[in-house]
Amino acid sequence: MRRACTCCFTSRSSNIKPQNTDCDKPSQSSIVTMMSTQENNASGVPEGVEEALTKLSPPRAANILLNHDFSMGLQHWHPNCCNGYVNLAESHNLDEASINTCAKYAVVTDRNEGWHGLEQEITNKIFPGTTYSVSASVGVSGSLQGSVDVLATLKLVYKDSTTNYLCIGRTSVLKEKWEKLEGTFSLSTMPDRVVFYLEGPSPGIDLLIQSVEITCTCPNELETGIANAGGENISLNPKFDDYLKNWSGRGCKIALHDSMGNGKVLPQSGKFFASATERLQSWNGIQQEITGRVQRKVAYDVAAVVRVFGNNITSTDVRATLWVQTPNSRDQYIGIANVQATDKDWVQLQGKFLLNASPSKVVIYIEGPPSGVDILIDSFVVKQAQKISSSPPPPAENLSYGFNIIENNNLSNGTNGWFPLGSCTLGVGTGSPHIVPPMARDPLGPSQPLTGRYILATNRTETWMGPAQMITDKVKLFHTYQVSAWVKIGSRATGAQIVNVALGVDNQWVNGGQVEISDDRWHEIGGSFRIEKQAEKITVYVQGPAPSVDLMVAGLQVFPVDRRARLRYLRTQTDKIRKRDITLKFLGSSSSGIFVKVKQMQNSFPFGTCISRTNIDNEDFVDFFVKNFNWAVFGNELKWYWTEPQQGNFNYRDADELLDFCKSHNIETRGHCIFWEVQDSVQHWVQSLNKHDMMAAVHNRLTGLLTRYKGKFRHYDVNNEMLHGSFYQDHLGKDIRADMFKNANKLDPSALLFVNDYHIEDGCDARSSPEKYVEQILQLQEQGAPVGGVGIQGHIDCPVGPIVCSALDKIGILGLPIWFTELDVSSINEHVRADDLEVMLREAYAHPAVEGIMLWGFWEMFMCRDNSHLVNAEGEINEAGKRYLALKQEWLAHASGQIDEKSEFRFRGFQGTYEVQIVNGSKTTSKTFIVEKGDTPVEISIDL
């Protein structure tokens, strides 16, 4: 688990930081990122409008509709009480003179009312007082005589629940003819929601739509509308030029200064700065109401310049937070950003936020330091977020995949090419393994045996001392490198020692792999890294044991990974593991001349994601979620610090609403988590209890949660991250972990009980190696704990397939189902992020021990890591999202052919729901059937 910058919660506790949303940051990092150097849209105008404003005369405004030509299927479009799909133009017998035969068009079918059609919300794309033109190419299909009308309509929803409908265009259409529908509209006031849709033909008539455009007829009008709608600063008087106007204290006083501390504290810019003073609580600070100046489903940037003063404090956490009151009077607190502020210098506090629902009140404020500490604010700016262009694919490099960039790694030339990092001494010894370490064998392919020579580092006086090489000119940006070596430590070691292959990238430390050693054997070390920022100096070195402990390294290899060969293998493996032989046996009719077409509608393998309560107020989020996932886990809403922030003060409302939402969409749910073993994630009131009272609180938590939700969650993560924390074990004894499992099983026997931890699969954290995880699970089982599943969180950087697979193999010996419970990957480049995601999804889906995959979110600003989202904040699917959808499509089975003489049809398919069309002469019949999970042949009877 990690912690996110953006979250939401409904009960306020001074003990829980508002930005904590489940995700402990991993202790190690194996990736270096850079700030985007691409030119951004600095005006903060809606997507596409910037281009419209800067075009040469005559101006051409951008289309405000997303996916206007259906090139992305029905993404961003919603069939209203009917069904829809996308065809190529040649699929219908329409006049080719008026249509691009290479284009796609939407078919809106199963229409039972004239107003049933295809819609898209445009609330955040239009502005009052601006004139827009509408143009669409439309047609109809079905049993009709003469012409029918097709209408373009706006649905206007107001805050008092009043709904109006405005017809903005109409045209008459003949069967098998494309017609152009045109119209205009302008809104004098802005409703709460604006939905555009096409409707009109009689029930039973299919509506065909090739392309749709809505554009501003006058760019000058649009520019004015944007300025009025918030293209400028949302916060008023952001630099205190107008003294303290528009600002107020939140539980404290505020003051204006031109200096403080006898002239030592001066404004960074302008004449004045403000202070929040006489603060008695950490949440006290300076605030401004911004109600009416922010819109739902629009991303906003927040930038403040802050520092602290007084109470003998030199450094403390300062946070920007949003307080939102919903129309039903629910309070929400959204953590925007945090920074370590000092009393020495001004620092920048930056973050983003997005509102999923329409609020009745919005207040933004600065908080965080302990009582008695003043918060100083030089400026506080809120603007609509800039549009960042999609990153292009990394440039193609002529890489020699599998080629070791380490010079003289076999030590045939002594220590040439190597140098000691620090004052240690390097030498060469013999007696190391001759075989290539297992995790590197597949990527390297057939290779020469190792020489048996190793490099010996002695006279080490610091843990970081060891053998090193410069590799600056050998590393290419955005490419993944695998690290492999044999390592051993000398006899002077007392206790377990961690050995680490590390990189010094300018002034940043990068983890290339870790292993813990407590004996005199050779151990494999395996890891990976990627550089995403041009560096002046890159050094690879081996470090880690305590001073005076000798370090031995053999066969160190650092080589670029060719993922293509691995992916080819995984496709074959997936076919073996996930598909089964299926025989359809047709009953009740002669099989002569019957043709069948089998199409899988849904793969029932668990693909899930993390969701939060505020997400389900965003209909675009909901649409993507229910279409592309069949399992869910709640980001925060089931955690103890959320359901009982203060002792006896319970909040189950959010979890209840999420559970009801999932049930209404037939989404299965995981319960995450009952307890969290890492002390920083335990409420202060729990930490303050004595042993007897803490044991009672633990018992009450178990009883209250599992009794309330008995039978409703398929899984529970019982005590999260036991490899990285020991709070309950330290306070309540060594049996408490097993007792948690036992008691949970008694309270809800239907739920599968999981362990759950991070860095299991990537080789970069010696505390959570697969071997240690297996050992922990076996110990729990020996104590009688009914461990039913193994959770691997999967917060991973630059994954390498063989390393991930090796971890899965080692854990798979337990015979327990393995789930990736919190999978995410991160890269500033969308194409690299897509590649990383594909590696992880294919490795998991191709492994027989893996029985489910949960992503830790998919929507920008609701992820625990930056640059890990699949869908941008305002609904655009990026390259990683497209890759995910492509894999989901690949993992649907289709087949067609003739029924044989035994009235049977055979094919191989995945588990899930299928539709079969049976064509017998002019008659076509459709049937559905379900293929259950399994690996043995299955026969399914279909009655004709």
Is the shortest side-chain heavy-atom distance between Cys662 and Glu668 below 4.5 Å?
no

Could you tell me whether the side chain of Asn829 and the main chain of Pro393 form a donor-acceptor pair under 3.5 Å?
no

Could you give the distance from NZ (Lys882) to CD (Glu830), rounded to the nearest 0.5 Å?
8.0 Å

Short question: side chain of Lys712, backbone of Leu659 - any donor-acceptor pair under 3.5 Å?
no

side-chain contact (heavy atoms from CB on, under 4.5 Å) with His672: of Met854, Glu822, His715, only one passes, and it is Glu822

Using modelled atom types and a 3.5 Å cut-off, is there a donor and acceptor pairing between side-chain atoms of His831 and backbone atoms of Glu879?
no

Go through the structure and list residues passing side chain to side chain contact (heavy atoms under 4.5 Å, CB included) with Lys297, not counting sequence neighbours.
Glu121, Asn124, Asn618, Glu619, Asp620

Check ion pair Arg865-Asp797 (N to O, under 4.0 angstrom)
yes

Verify the distance criterion only: is there a donor paired with an acceptor across the side chains of Asn756 and Thr821 at less than 3.5 Å?
yes

Please work out which of the three classes, parallel, tilted or perpendicular, describes the rings of Tyr728 and Phe675, given edges at 30° and 60°.
perpendicular

When the ring planes of Tyr884 and Phe607 are compared, do they come out parallel, tilted or perpendicular, using 30° and 60° as the limits?
perpendicular

Please report the shortest heavy-atom distance between Val682 and Val678, naming the atom on each side.
CG2-O, 3.6 Å

Verify whether one side chain among Asn615 and Trp859 offers a donor that lies under 3.5 Å from an acceptor in the other.
no

Carboxylate-amine/guanidinium proximity below 4.0 Å for Arg883 and Asp836
no

Between Glu838 and Arg563, is there a salt bridge with N-O shorter than 4.0 Å?
no

Going by distance alone, is a donor N or O of one side chain under 3.5 Å from an acceptor N or O of the other, for Gln687 and Gln679?
yes

Determine yes or no for a side-chain-to-main-chain donor-acceptor pair under 3.5 angstrom, with Asn878 supplying the side chain and Ser390 the backbone.
no

Between Arg833 (side chain) and His869 (backbone), is there a donor-acceptor pair under 3.5 Å?
yes

Under 6.0 Å between ring centres: does that hold for Tyr845 and Trp891?
yes

Kindly indicate whether the side chain of Ile611, heavy atoms from C-beta on, has any atom under 4.5 Å from the side chain of Phe621.
yes

Flag side-chain contact, heavy atom, 4.5 Å: Glu516 against Ser769:
no

Anything under 30° is parallel, anything over 60° is perpendicular, the rest tilted; go ahead and classify Phe858 against Phe625.
parallel

Would you confirm whether Gln514, through its side chain, and Ala766, through its main-chain N or O, come within 3.5 Å as a donor-acceptor pair?
yes

At their closest point, which heavy atom of Gly791 faces which heavy atom of Phe754, and how far apart are they?
N-CD2, 3.6 Å

Without swapping roles, check the side chain of Tyr716 against the backbone of Leu706 for a donor-acceptor pair under 3.5 Å.
no

Compare every heavy atom of Thr480 with every heavy atom of Ser528, then report the nearest pair and how far apart it is.
CB-CG2, 4.5 Å

Rounding to 0.5 Å, atoms CG (Asn719) and CG (Leu753) come to a distance of 12.0 Å

Charged N to carboxylate O under 4.0 angstrom, Glu843 versus Arg566?
yes

Closest non-hydrogen atom pair between Ala535 and Asp506, with its separation:
CA-OD2, 3.5 Å

When every non-hydrogen atom of Val318 is compared with those of Leu349, the smallest separation belongs to O-CD1, 3.7 Å

Check this for me: does any side-chain nitrogen of one of Arg613 and Glu657 sit under 4.0 Å from a carboxylate oxygen of the other?
yes

For the student: nearest non-hydrogen atoms of Phe529 and Val475, plus distance
CE1-CG1, 4.3 Å

Sub-3.5 Å donor-acceptor pair from the side chain of Ser826 to the main-chain atoms of Ser868, do we have one?
no

side-chain contact (heavy atoms from CB on, under 4.5 Å), paired with Asn356, selected from Ile334, Asp617, Ile616
Asp617

Looking only at atom types and distance, does a side-chain atom of Ser806 sit under 3.5 Å from a main-chain N or O of Pro802, one as donor and one as acceptor?
no

Under a 3.5 Å threshold, yes or no: a donor from one side chain and an acceptor from the other, between Asp809 and His847?
yes

So, do Trp509 and Trp464 have ring centers that fall under 6.0 Å from each other?
no

So, Phe634 versus Phe713, ring centres under 6.0 angstrom or not?
yes

Is the backbone N or O of Asp757 less than 3.5 Å from a side-chain atom of Tyr773, with the two atoms forming a donor-acceptor pair by type?
yes

